[in-house]
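Each remark here refers to the structure printed beneath this line.
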Amino acid sequence: MSGAMEQYLLGIDIGTSACKVAVFDESGQVKAGASGAYNVYYPHPGWAEQNPEEWWQAVCSAVKAAMEKSGIRPGSVAGIGIDGQSWSAIPIDAEGKVLANTPIWMDTRAAGICEETGARVGEKRIFDVCGNPFKPSYSTPKVLWYKEQMPDVYRKTDKILQSNSYIAFKLTGEVTQELTQGYGHHCFCMRQGTWDMEMCRDLGMDPDMLPAICASHDVIGTVTAKAAKECGLMEGIPVVAGALDAACGTLGAGAVHPGETQEQGGQAGGMSICMDTYKADERLILSFHAVPGQWILQGGTVGGGGVMRWLEHEFADYERMKGKETRKSSLELFNELAGEVPAGSDGVVFLPYMSGERSPIWDPDAKGVYYGLDFSKTKGHFIRAAMEGVALSLRHNLDVAEQAGASVSELRSMGGSANSLLWTQIKADVTGKRIVVPSSDTATTLGAVILAGVGVGMYKSFDEAVKKTVAEKRYHEPDPGTQEVYTRNYKVYRKLYENLKAVMKGDI
C-alpha cells in the first residue's frame, strides 16, 4: 500500500521546437515523458515567431500522454513546475486572450527600434540598470515594436507574459512574472530584482503591462477546473511560477554554487555560470538564477544541436538508409564519420552563425561559414568541423565571462548534444575544462520539478533537492595533446569573423 501514497512532480519545458513534459518521482527518476511539437513561423527575413496557443495545445496533449504512460493517478501529482525559452513578449488582453504571435529569442525584427531607443535613452544607462545589452532578441524591443507597428495590439494589451508565465496562466488563471525571466525587460533592475518604473517610462513602455514579480519556486495558484479538463490533470494541484529554461537547466544539471557552470547542448548552445555577486558584461547575458541569492552569467549562441540537426536533415540521406540496415541512427553514423577525422579537422573551421549570432558578438547579420576546404576533405570533415565550431563558440563565451570576472571550475553538460561522447570530448578539449555529464537527459525539466518540489515542501532546500535528484554519469578530462591545434583553430575562428563581418553586413 505504500506505493499508493507516493507523490510525484510534473515538469513542463517550453522549448523552441517542442514542449517536453515529464513525471518525476522524489528521487528525480523519470516515470514517463512525452513531447508535443509546434511550428516556428518565419514570415519575413529576421522574423521568427510562435503561437502561444499552439504551445498550450501541445502541453495539453503531452501532459495527457505522459500521465497515461506513467499509470500515475492525477491525484498523486504534488506540484507542477514550468520552464520556458527566453525573451518572449506575449501580449494578452484583460480576458487573457493572446493578441498576436510572440517573436521568439532568435527574432531580430526590432533592430531599428533598438538603435533609435538606445541612442535616445543611452545604452550605457540602460545597461547600468538591467545588466544586459539593448539588443533586438530581448523582450523590450519587441514590445516597442508592437507599439510602433501593431498599435491596435499594443492598445489592447493588458499584460506582457513570458513563455513559462503564459503556461502558468493557462493552468491557474494567475498573471505573473518570475525573477529569472525579468532580464528580458530592460526596465528590470538586475541588482535588486525589481521593476525600475522610471526606466520603463523612458524606454516608452507602459508600466501597467508588467506583472508583479515573484520567486521561481513560489506557488502562484492551483490548477483550475477548466485546465484540469483540458490537460487531464486534477483541479487544485499547486503550480509554481517556474523559470527561464537556462536557469532550470543549470539547476537540473546540479550547478547551484558559485563557479559551477552548465553547458547547454540543445537546439541553441552556450553556458550559464553561477555567481553570488553581480557581474555584468555587455557581450554576455545576465539573469537571476532560479536558486535564490544567485545570478547566472550566460553566453547564448544560436549554433548548438540545431547545427547538427540541420546537417543531418540536409546531408544524411545515405546515413538514414544505412541506419535501417545497421540499426543505428543517422546521428550515430555521423558521429562515427566525425570520429575518423583528427582533432582540428585538418584545418577546416566552421562559424556556427546559422541565424545571426547572439553572444558575445551580437550580430544579426552574421552568417555560417566553412573555411579550409579542398579536394581531400570528406563528409566527416564537415561534421567534425561543425562540432568543433560549436565548441569554439563556447570557448569564446567562456573567455569573455572570465574577462568579466567570473570563475569557471567545471562544465556540467546537458541537452541532446551531451549524448555524443565525441562532441562532449571535443568541448572539453577546445575549452580546456573538465566536463561532467549528469545522468538525466531531462535536466531542464528536472530543474522545473525541483522548483515545484521546493515550492510545495517536498525538499527542504535546493541543496537537498540536488543531492536527491542529480546523479553524475560520466566525466571528460581535456586532452592536452589537442591544445595546440585547437588554439590555432580558435585564432582562425576569431579572425574569420573579424575579416568577414563587413561582407556579412553587405558592405562590399
salt_bridge([X], [Y]) N-O dist < 4.0 Å:
| X | Y | value |
| --- | --- | --- |
| E319 | K379 | yes |
| D507 | K505 | no |
| R120 | E116 | no |

Just wondering, do [Y] and [X] contact through their side chains at under 4.5 Å, heavy atoms?
| X | Y | result |
| --- | --- | --- |
| V449 | I80 | no |
| E123 | E282 | no |
| F288 | Q294 | no |
| L284 | N397 | yes |
| Q181 | S163 | yes |
| I383 | F315 | no |
| T445 | I12 | no |
| L411 | Q264 | no |

Donor-acceptor under 3.5 Å ([X] side chain, [Y] main chain):
| X | Y | result |
| --- | --- | --- |
| S165 | L161 | no |
| K170 | A227 | no |
| R109 | G46 | no |
| D93 | T157 | no |
| Q162 | S88 | yes |
| E49 | D107 | no |
| H185 | Y138 | no |
| S417 | G265 | yes |
| W295 | M190 | yes |
| T140 | G184 | yes |

### Task
Mind telling me whether W87 and Y183 have parallel, tilted or perpendicular rings, with 30° and 60° as the class edges?
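Ring orientation of Y183 relative to W87: tilted.
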### Query
Relative to the ring of Y493, is the ring of H396 parallel (under 30°), tilted (30 to 60°) or perpendicular (over 60°)?
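Because their plane-to-plane angle is over 60°, the rings of H396 and Y493 count as perpendicular.
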Which distance, rounded to the nearest 0.5 Å, do you find between the [atom1] of [X] and the [atom2] of [Y]?
| X | Y | atom1 | atom2 | answer |
| --- | --- | --- | --- | --- |
| N39 | S17 | CG | OG | 10.5 Å |
| K97 | D158 | NZ | CG | 13.5 Å |
| K142 | I113 | NZ | CD1 | 12.0 Å |
| S137 | M106 | OG | CE | 10.5 Å |
| F134 | H186 | CZ | NE2 | 6.0 Å |
| S86 | I104 | OG | CD1 | 9.0 Å |

### Task
Decide salt bridge (Lys or Arg N to Asp or Glu O under 4.0 Å) for K156 and D152; before the verdict, give the C-alpha distance in whole Å, the side-chain angles of both, and the deciding distance to 0.1 Å.
CA-CA 6 Å; K156 290 179 192 157; D152 282 1; 5.3 Å; no
Testing [options] one by one against [X] for a side-chain contact (heavy atoms from CB on, under 4.5 Å), which residue passes?
| X | options | value |
| --- | --- | --- |
| D13 | T444, V21, V59 | T444 |
| W56 | I167, V98, N51 | I167 |
| Y371 | V348, V492, L500 | V492 |

### Query
Is there any side chain to side chain donor-acceptor pair (under 3.5 Å) pair reaching into residues 189-214, and which pairs are they, with sequence neighbours excluded?
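Listed by first then second residue: R125-D202.
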Closest approach of [X] to [Y] (non-hydrogen atoms, all atoms of both residues):
| X | Y | value |
| --- | --- | --- |
| L251 | G447 | CD2-O, 3.5 Å |
| A62 | C19 | CB-SG, 4.1 Å |
| P52 | T102 | CG-CG2, 4.0 Å |
| Y42 | A48 | CE2-CB, 3.8 Å |
| L297 | A401 | CD2-CB, 4.1 Å |
| V307 | A386 | CG1-CB, 3.8 Å |

For the residue pair [Y] / [X], report whether a side-chain donor-acceptor contact shorter than 3.5 Å exists.
| X | Y | result |
| --- | --- | --- |
| E388 | Y486 | yes |
| Q50 | W55 | yes |
| D346 | H381 | yes |

### Message
Check whether W423 forms a cation-pi arrangement with K427 (NZ or CZ under 6.0 Å from the six-membered ring centre, at most 45° off the ring normal).
### Response
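Yes; both conditions hold, so K427 lies above the ring face of W423.
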#### Entry: Aromatic centroids of H44 and W47 separated by under 6.0 Å
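Distance test on ring centres: under 6.0 Å, yes.
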### Message
Would you say the ring centers of Y497 and Y353 fall short of 6.0 Å from each other?
### Response
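Between Y497 and Y353, the centre distance is under 6.0 Å.
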### Task
Applying side-chain hydrogen bond (donor to acceptor under 3.5 Å, both in side chains), run through E357 and T301 and close with a yes or a no.
CA-CA 6 Å; E357 180 56 309; T301 165; 2.7 Å; yes
### Pair E178-T180, side-chain hydrogen bond (donor to acceptor under 3.5 Å, both in side chains): steps then yes or no
CA-CA 6 Å; E178 52 69 43; T180 66; 2.7 Å; yes
### Task
Check the pair D317 / S330 against side-chain contact (heavy atoms from CB on, under 4.5 Å), numbers first and verdict last.
CA-CA 9 Å; D317 288 355; S330 51; over 6 Å; no
### Query
Would Y41 and N101 count as a side-chain hydrogen bond (donor to acceptor under 3.5 Å, both in side chains) if you check the C-alpha gap in whole Å, the side-chain angles of each, and the deciding distance to 0.1 Å?
CA-CA 9 Å; Y41 301 100; N101 281 355; over 6 Å; no
### Task
Show your working on side-chain hydrogen bond (donor to acceptor under 3.5 Å, both in side chains) between S420 and N335 and close with a plain yes or no.
CA-CA 7 Å; S420 165; N335 254 294; 2.8 Å; yes
### Query
Please walk me through it: do Q267 and R309 pass side-chain contact (heavy atoms from CB on, under 4.5 Å)?
CA-CA 8 Å; Q267 166 78 13; R309 186 177 293 166; 2.9 Å; yes
### Query
For the salt bridge (Lys or Arg N to Asp or Glu O under 4.0 Å) test, which of K495, R494, K501 pairs with E498?
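Output: one option passes, namely K501.
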#### Entry: Stepwise side-chain contact (heavy atoms from CB on, under 4.5 Å) test for E174 and F169
CA-CA 5 Å; E174 299 294 331; F169 168 70; 5.9 Å; no
